[in-house]
Amino acid sequence: MTVGQLPADPPVTIAPGAEGTVVALIGYSLLAVMSLRMGMLSWRSMGAAGRPRALLWQYFALAGVFGGLAGGVEVTARVSETTVPLARPLLFGVALALAIAMQEAASQARPGAETVSERRWILETAAVSGLVVVAVLVELATNTAADIALAAGAIGAAGYGVYFQRKRTQTNAARGTLIDTLLRQALPAVVFATGAVVMPAFGYGLLGPGLVDVITSMFVVLVGAALLPVTVKLRQHLLTAV
C-alpha cells in the first residue's frame with residue numbers, strides 16, 4: 001500500500017464446504033421438525049385406530065423417529081464441526097419404514113385382510129429397526145464398498161415401496177381414501193431420502209466431495225418439504241376424528 005491510498009478491501013471468500021454446511025443446516029433442521037411432527041401425529045392416530053390399521057400408522061411413526069434422529073444428529077454434528085456418520089443410515093430407515101408402510105397398505109387393501117397379531121407386530125418392528133442398525137454398522141466401515149452397499153440397500157427399499165404402491169393403486173377400492181392420499185404424498189419422500197443415501201457413493205472420482213455434500217443436502221431439503229403435506233393431512237385426519 002502506498003502513502004495516500006486506502007487499503008484495498010480483502011477478497012470475499014467462502015471456505016470449502018461452507019455452502020454445503022448452510023444448505024445442510026436448513027435441510028436437516030426442516031427434516032427434523034417435519035419428521036418429529038409426522039411421528040407424533042402418527043402415534044396419536046395409531047392410538048385411535050384398530051388393528052391392522054394401527055400397524056400402518058406405526059410405520060409412519062417409525063419413519064418420523066428415524067427422520068427426527070437424522071436431522072438432530074446431523075445439525076448437532078455440523079454446528080459442533082464433528083463427524084457423526086449416522087445421517088445416511090437413518091435416512092435409509094426413513095425410506096425403509098415408509099416403503100414397508102406401502103407394502104402394509106397394499107396388504108390391507110386386499111379383501112379379507114387378516115388381523116395383525118402381537119407377535120407379527122413385534123417381529124416386523126424389530127426387523128426394520130435391525131436393518132437400520134446393520135446400515136449404521138455398514139456406514140461406520142467408511143469405505144467404498146460400504147457406501148455402495150448402503151446405496152444399494154436404499155435403492156432396494158425404494159423399489160420395494162414403489163412396487164407395492166403401484167400394486168395398491170391398481171385396487172379401485174383403495175383410491176381416494178386417506179391412506180391413498182398419504183402414501184401418494186409420502187412416495188416423493190422415499191425417493192428423495194434414497195437420493196440422499198445414494199449421492200455419497202458418487203464422490204469417488206465422479207464428483208468432488210463439496211459438490212456431493214451440497215447435492216445430498218438438497219435431497220434432504222426435498223425430503224423435509226415432501227413430509228410437509230403428509231403432516232398437514234395427518235393433522236386434518238385427527239381433527240375430523242375427534
Side-chain angles (χ1 to χ4, degrees), residues 17-18 20-40 42 58-101 125-158 161 186 189-204 207 209-227:
T21 299
V22 172
V23 177
L25 288 174
I26 296 172
Y28 283 100
S29 296
L30 179 63
L31 173 67
V33 172
M34 291 296 102
S35 295
L36 291 175
R37 181 166 175 77
M38 181 181 71
M40 290 187 292
S42 300
Q58 177 176 318
Y59 286 124
F60 274 94
L62 197 58
V65 171
F66 290 142
L69 287 173
V73 167
E74 189 64 17
V75 167
T76 302
R78 298 276 179 159
V79 171
S80 61
E81 297 183 350
T82 58
T83 301
V84 183
L86 292 178
R88 287 182 69 207
L90 290 170
L91 282 167
F92 165 72
V94 173
L96 179 63
L98 291 177
I100 295 183
T125 304
V128 174
S129 302
L131 286 173
V132 175
V133 172
V134 171
V136 170
L137 296 177
V138 169
E139 179 72 353
L140 290 176
T142 60
N143 56 46
T144 306
D147 281 340
I148 294 175
L150 189 54
I155 293 172
V190 175
V191 175
F192 295 141
T194 300
V197 177
V198 170
M199 270 309 301
F202 289 91
Y204 297 96
L207 300 173
L211 183 57
V212 167
D213 188 37
V214 172
I215 297 175
T216 301
S217 298
M218 286 302 302
F219 272 119
V220 174
V221 172
L222 292 172
V223 176
L227 293 180

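Under the side chain to side chain contact (heavy atoms under 4.5 Å, CB included) test applied with Ile215, the options Asp213, Val212, Leu211 reduce to a single match, Leu211.
Considering all non-hydrogen atoms of both residues, Val138 and Ala149 come closest at CG1-CB, 4.3 Å. Listed here is the closest heavy atom pair of Ala226 and Phe192: CB-CD1, 4.3 Å. In this structure, Val220 and Ala196 approach most closely via the heavy-atom pair CG2-CB, 4.1 Å. Listed here is the closest heavy atom pair of Ala135 and Leu150: CB-CD1, 3.6 Å. Between Thr194 and Ala95, the shortest heavy-atom distance links the atoms OG1-CB, 3.9 Å. Shortest non-hydrogen contact noted between Phe92 and Leu131 is CE2-O, 3.9 Å.
No side-chain heavy atom of Leu91 sits less than 4.5 Å from a side-chain heavy atom of Phe219. With a 4.5 Å cut-off on side-chain heavy atoms, Val84 and Thr76 do not count as touching. With contacts defined as side-chain heavy-atom distances shorter than 4.5 Å, the pair Leu86/Glu139 does not qualify. The shortest side-chain heavy-atom distance between Val79 and Leu25 falls under the 4.5 Å cut-off.
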Run the side-chain contact (heavy atoms from CB on, under 4.5 Å) check on Asp147 and Arg88 step by step: do they pass? CA-CA 10 Å; Asp147 281 340; Arg88 287 182 69 207; 2.6 Å; yes
For Tyr59 and Val128, what are the C-alpha separation, side-chain angles and deciding distance, and is it a side-chain contact (heavy atoms from CB on, under 4.5 Å)? CA-CA 9 Å; Tyr59 286 124; Val128 174; 4.0 Å; yes
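The stretch residues 60-74 participates, sequence neighbours left out, in these salt bridge (charged side-chain N to carboxylate O under 4.0 Å, His left out) pairs: Glu74-Arg78.
The CG atom of Leu227 lies 9.5 Å from the CZ atom of Phe60; values are rounded to the nearest 0.5 Å. The line from CG of Leu69 to CG of Leu31 is 10.0 Å long, rounded to the nearest 0.5 Å. Separation of atoms OG (Ser35) and CE (Met40) is listed at 10.5 Å; rounding is to 0.5 Å.
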